[in-house]
Enquirer: 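Got a structure here, written out as C-alpha cells. Questions coming.
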Amino acid sequence: MTSKVLVSACLLGQPVRYDARSNANTRLMEIQREGRVVPVCPEVAGGLAVPRPAAEIVGGDGNDVLDGNATVQTADGIDVTKAFIDGAHHALRLAQRHGVAAVVLKARSPSCGNHAIYDGSHSGVLTAGEGVTTALLRRHGILVLNEDELDQLP
Ligand code: SF4
C-alpha cells in the first residue's frame, strides 16, 4: 500500500485529545514515517481548544448531527455542534485533496468513532453509531477504519 491515509492526530502521538493526551499507535506512526499519513484532528480543526471539555452526541449519532436532528454537547450543556461539523468538513477536504485510500480514526470519539460512540449521558456508556466526521466521510464513499482494523487497510 503506497497511497496516503488520513489519520486521527491523537493516534500519531499528538496531544490533541480533550484532556491534552494522545493515543499513540506504533503501527500508524511507522506508516507516518514512510510519508504516507495525512494527520487531522477534526475537533481542533473545527476551532476547539486543547484541553477542552469532553463532548458527546445527544439525540443520535453523527448522521443525525449532520441532518440537524442531534447536537454535540459538553456535560455542562454547552453546544459545540458547529465546531464538530466544521471539523468534519475540514477532514473531508483533506481526504479529497490528498486522494487518500482510506481513513483511520480513533474509536469511540464523537468525531472519529466508526462503530460506537458514547450515548450522550456523559456516564461512560457506549451505543452503536458513528461520529460526525466518520459519518460525513462515509457519505462521500470514503473507507473509515479504526485503530484496531489496520489489517483492513487497502
Ligand atoms: Fe481529535 Fe479525533 Fe483524536 Fe478526538 S479522537 S482528539 S477529534 S483526532
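Both counts, for ligands and for their atoms, begin at 1 and track the order of listing.
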Enquirer: Judged by atom type as modelled, is there a donor-acceptor pair below 3.5 Å linking the side chain of Glu147 to the main-chain atoms of Ala107?
Expert: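 Side chain of Glu147 to backbone of Ala107, a donor-acceptor pair under 3.5 Å: yes, one is there.
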
Enquirer: When you check the side-chain N and O atoms of Thr74 and Asp76, is any donor under 3.5 Å from an acceptor?
Expert: no

Enquirer: Short of 2.8 Å from atom 2 (Fe) of ligand 1, name each protein N/O/S atom, waters not counted.
Expert: Cys112 SG

Enquirer: List the atom of Pro154, the atom of Ala101, and the distance in Å for their closest heavy-atom pair.
Expert: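 Minimum heavy-atom contact is CG-O, 3.7 Å.
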
Enquirer: Can you list the atoms of ligand 1 that are under 4.0 Å from a heavy atom of Arg52?
Expert: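 Close to Arg52: 6 (S).
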
Enquirer: Do Val65 and Ile57 touch side chain to side chain, with heavy atoms closer than 4.5 Å?
Expert: yes

Enquirer: In chain order, what residues pass the side chain to side chain contact (heavy atoms under 4.5 Å, CB included) check against Asp67, with sequence neighbours excluded?
Expert: Asn69, Arg139

Enquirer: Take atom CZ in Arg21; do more than 12 heavy atoms of anything else shown fall under 6.0 Å from it?
Expert: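 Result for CZ/Arg21: open.
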
